[in-house]
Student: 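Please see the structure below; I have some questions.
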Amino acid sequence: MNIDIKDVHVGQAIDQRRNELGLSKSELGRRLGIPQQHINRLLERETMETKRLVKACKALDFNFFALFCPVNPQISAYLAAVALDGGDAHNNIGDSGLAAQLTAEQTKVENLNGTIKLLKEQIDSLNAQIIRLDSNLKDKDAIIELLKERRQNM
């Protein structure tokens, strides 16, 4: 079996990602739950426990595991079809079937985006209504105060 596994200095990779994100070492420590004084030791390490590396992946929003064994970015229509249908390795629907499924999914997304737009408009309308009602309430409170003052002056 010919697997292309690379040697990766995990600490350097984490430090590079930290710099890309513009994070301080103390912020990295906070995200990882590690005291700041231990961060330098962590960044000097070539290897790391899987559990800690998973935590670093989540904290820095980056898949450090992919550095060890890069995945070929080319995806065949066959693999895409398997992924779309959640099927098995015998689920080869071909390029035209895949294109039809992708078009259907795009239509669903566009419909959902339309629904989201309508809901946002409704939210804006309701917020405007709340502002009007709040103003009415303040006016009524002012009228009540005026009536109380008049009663006291009588």
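Residues: numbered from 1 along the sequence shown.
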Student: Donor-acceptor check, side chain of N19 to backbone of D15, threshold 3.5 angstrom: yes or no?
Tutor: yes
Student: Treating K55 as the side-chain partner and L32 as the backbone partner, does any N or O pair qualify as donor plus acceptor under 3.5 Å?
Tutor: yes
Student: Would you say that more than 12 heavy atoms from the other residues, nucleotides or ligands in this model lie under 6.0 Å from the CG of D134, or not?
Tutor: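 Result for CG/D134: enclosed.
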Student: Can you tell me if CG on D124 sees more than 12 non-hydrogen neighbours from other groups inside 6.0 Å?
Tutor: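 Correct, the count exceeds 12.
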Student: Check the pair R17, E20 against side chain to side chain contact (heavy atoms under 4.5 Å, CB included), reporting the backbone distance first and the verdict last.
Tutor: CA-CA 5 Å; R17 179 64 177 165; E20 288 172 2; 3.4 Å; yes
Student: Between atom CG of L67 and atom CD1 of I5, what is the distance when rounded to the nearest 0.5 Å?
Tutor: 13.0 Å
Student: Just do the side chain to side chain contact (heavy atoms under 4.5 Å, CB included) check on Q101 and Q106 with the steps written out, would you?
Tutor: CA-CA 9 Å; Q101 280 187 337; Q106 287 173 333; over 6 Å; no
Student: Work out which heavy atom in I39 is nearest to a heavy atom in K25; give both atom names and the distance.
Tutor: CG1-O, 3.6 Å
Student: Compare all side-chain heavy atoms of L119 with those of Q122 and state whether any distance is below 4.5 angstrom.
Tutor: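 Yes - at least one pair of side-chain heavy atoms lies under 4.5 Å apart.
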Student: State the CD1-CZ distance between I34 and R52, to the nearest 0.5 angstrom.
Tutor: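 So the CD1 of I34 and the CZ of R52 are separated by 4.5 Å.
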Student: A side-chain contact here means heavy atoms from C-beta on lying under 4.5 Å apart; do K148 and E145 qualify?
Tutor: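 Yes, at least one pair of side-chain atoms sits under 4.5 Å.
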Student: Step by step, would you call C57 with F65 a side chain to side chain contact (heavy atoms under 4.5 Å, CB included)?
Tutor: CA-CA 8 Å; C57 289; F65 293 98; 3.8 Å; yes
Student: So does E105 pair up with K108, basic N to acidic O under 4.0 Å?
Tutor: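 Counted as a salt bridge, because a side-chain N and a carboxylate O are separated by less than 4.0 Å.
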Student: Can you name the closest pair of heavy atoms from H9 and E46 and give their distance?
Tutor: CD2-CG, 3.1 Å
Student: Has the side chain of R18 got a donor or acceptor atom that lies under 3.5 Å from a matching backbone atom of L23?
Tutor: yes
Student: Taking atom CZ of R31 and atom OG of S26, what is their separation to the nearest 0.5 Å?
Tutor: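 Separation between the atoms: 11.0 Å.
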Student: So that I can tick it off, tell me whether D141 and K138 are bridged by a salt bridge, with the cut-off set at under 4.0 angstrom between side-chain N and carboxylate O.
Tutor: no
Student: Can you find a pair of side-chain heavy atoms, one from R151 and one from L147, that are under 4.5 Å apart?
Tutor: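 No - every pair of side-chain heavy atoms lies 4.5 Å or more apart.
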Student: Which of these passes side-chain contact (heavy atoms from CB on, under 4.5 Å) with V109: N113, L112, N111, T107?
Tutor: N113
Student: Which pair of heavy atoms, one from V10 and one from T47, lies closest together, and at what distance?
Tutor: CG2-CA, 4.4 Å
Student: Taking the side chain as everything from C-beta on, heavy atoms only, tell me whether I14 gets closer than 4.5 Å to M48.
Tutor: yes
Student: Please step through side chain to side chain contact (heavy atoms under 4.5 Å, CB included) for the pair L60 and L28, ending with a clear verdict.
Tutor: CA-CA 8 Å; L60 298 174; L28 175 62; 3.8 Å; yes
Student: Hey, could you give me the CG/CZ distance between L53 and F68, rounded to the nearest 0.5 Å?
Tutor: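 Between atom CG of L53 and atom CZ of F68 there are 6.0 Å.
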Student: Do R30 and E27 sit within salt-bridge range, that is, some charged N less than 4.0 Å from a carboxylate O?
Tutor: yes
Student: Find the distance between CD (Q16) and CD (Q12) and round it off to the nearest 0.5 Å.
Tutor: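 Output value for this atom pair is 9.0 Å.
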